[in-house]
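Heads up: the structure comes next, in structure tokens.
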Amino acid sequence: MKLKPAEIKVGRNDPCPCGSGRKYKKCCLDKEQTKPANLRDIYTSKYKIKFKESQDIDGIRTCGRLALATLDMVQENLQSGITTDAINTLVHDYTIKNGATPAPLHYRGFPKSVCVSVNEVICHGIPGERVLQEGDIVNVDVTPILKGYYADVNKTFIIGSPGEDAAKIVKVARKSLKAGMSMVQPGNTIGDIGWAIQRYAEGKGCSVVREFVGHGVGFDFHEAPQVPHFGRKGEGIVLFPGMVFTIEPMINLGVRHLKILEDKWTAVTKDGSLSAQFEQTILVTENGFESLTPYDL
Ligand code: MF3
Ligand code: CO
Ligand code: CO
């Protein structure tokens, strides 16, 4: 659906679409800035959102294809008995062989080329000596940099045949991403995405991690805007064609709270329950969205 000016209908008491968090009537109601053309300028200057042109989109899409091929290659090699560090070596070597650079390596001091998060690990697991066991769930999060462009994608795999809890959390996380993506179209807001994810995941008796969010991506690893996986309908900035961001809900079987381990990176569930995640890099198009890292959900 094409964005028409009339389609941004904001009530006086709704959150202001400029993203201030204040009510529309107390903020931009009397100003000209909620007109689409002006909003796009505000998002660029005030919120530092970097809109992507068609050559940028081509670059991110090509990078995304490499990222997906990397995940396929990992999946072929996954079996009980291998260490998470073996996954790191596979990802690192494959990325380099394809003329790309692994973005995680040395990113803010991260020591490895991929995040590998097993069972109760929510995200940012550092590859090491942990040995994968039958029934484990393992998230592999890859971000190559190819010709200066970043694409960020992850999947949670199951080693062998899953127990009931593992099967449930992986399915709910997968469908949570699908629910979030289904909200992406011009004129909807960032808050609509989080709202749809939270409603779905909590409806299944699971919880949504709040400390980590999706993010703009493409020219850099983490750009504006932030994309929370919880929230209220209509909240936050309005989506425009040319925005590229990830949606990457982390869903816990138990409570949503987390702990960060001594290594300062590994996020684990506070209650030790299982956590799963799926991530794609999404482009807002004139009619809806295109995943630049597409796989079935
Ligand atoms: N790929 C992660 C994300 O989805 C970020 C990992 S940061 C790292 O945003 F340093 F741990 F690699
Ligand atoms: Co990401
Ligand atoms: Co990622």
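Remember, it's 1-based here, ligands and their atoms both numbered in the order they're listed. Positions are given from 1 along the sequence. The basis for the numbers below is simple: all heavy atoms, side chains too, and nothing from hydrogens, waters or symmetry mates.
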Please confirm whether H222 comes within less than 3.5 Å of ligand 1 when only nitrogen or oxygen atoms on both sides are compared. yes
Pick out which of H229, Q280, H215 makes a side-chain hydrogen bond (donor to acceptor under 3.5 Å, both in side chains) with E248. H215
For C115, the atoms of ligand 1 under 4.0 Å from one of its heavy atoms are 6 (C), 8 (C), 11 (F), 12 (F)
Within ligand 1, which atoms have a heavy atom of E248 less than 4.0 Å away? 3 (C), 4 (O), 9 (O)
For ligand 1, which atoms, with element, lie under 4.0 Å from some heavy atom of P104? 12 (F)
Quick one: does NZ or CZ of K52 land under 6.0 Å from the six-membered ring centre of F219, within 45 degrees of the ring axis? yes
Test the R40-F240 pair against the cation-pi criterion, namely NZ or CZ under 6.0 angstrom from the six-membered ring centroid and within 45° of the ring axis. no
Would you mind finding which of D141, N139, N154, V217 brings a heavy atom closest to atom 2 (C) of ligand 1? D141
Counting non-hydrogen protein atoms only, what is the nearest one to atom 7 (S) of ligand 1? Give residue, atom name and distance. Y107 CD2, 3.9 Å
Which atom, counting only N, O or S, brings H215 closest to the Co ion (ligand 2)? NE2
Got Y43 and K48 here, is their nearest side-chain heavy-atom distance under 4.5 Å? no
For H124 and F212, I'd like to know if the aromatic rings sit close, meaning centre-to-centre distance below 6.0 Å. yes
Tell me whether D136 contacts the main-chain N or O of I159 through its side chain, where contact means a donor paired with an acceptor under 3.5 Å. no
Hey, is R108 touching ligand 1 through its side chain, its backbone, both or neither, going by heavy atoms under 4.0 Å? neither
If I take the Co ion (ligand 2) as the centre, what angle separates the OE2 atom of E279 from the OD2 atom of D152? Nearest 10 degrees is fine. 90°
How are the rings of H222 and Y107 set to each other: parallel, tilted or perpendicular (split at 30° and 60°)? tilted
Is F212 near ligand 1, meaning one of its heavy atoms is under 4.0 Å from it? no
Among the N, O or S atoms of E248, the one nearest the Co ion (ligand 2): OE2
Distance only, no hydrogens: is a donor on one side chain within 3.5 Å (strictly under) of an acceptor on the other, for N13 and Y24? no
re atom 3 (C) of ligand 1, the protein heavy-atom contact at minimum distance is D152 OD2, 3.3 Å
Axial cation check for Y200 ring with K175, 6.0 Å and 45° limits: no
Ligand 1 atoms in contact with T143 (distance to a heavy atom under 4.0 Å): 1 (N)
Under 3.5 Å between any N/O of H124 and any N/O of ligand 1: does that happen in this structure? no
Check for me whether T246 has a heavy atom closer than 4.0 Å to any atom of ligand 1. no
So is there a nitrogen or oxygen of W265 less than 3.5 Å from a nitrogen or oxygen in ligand 1? no
Looking at N154, T293, T156, T143, which hits side-chain hydrogen bond (donor to acceptor under 3.5 Å, both in side chains) with E279? N154
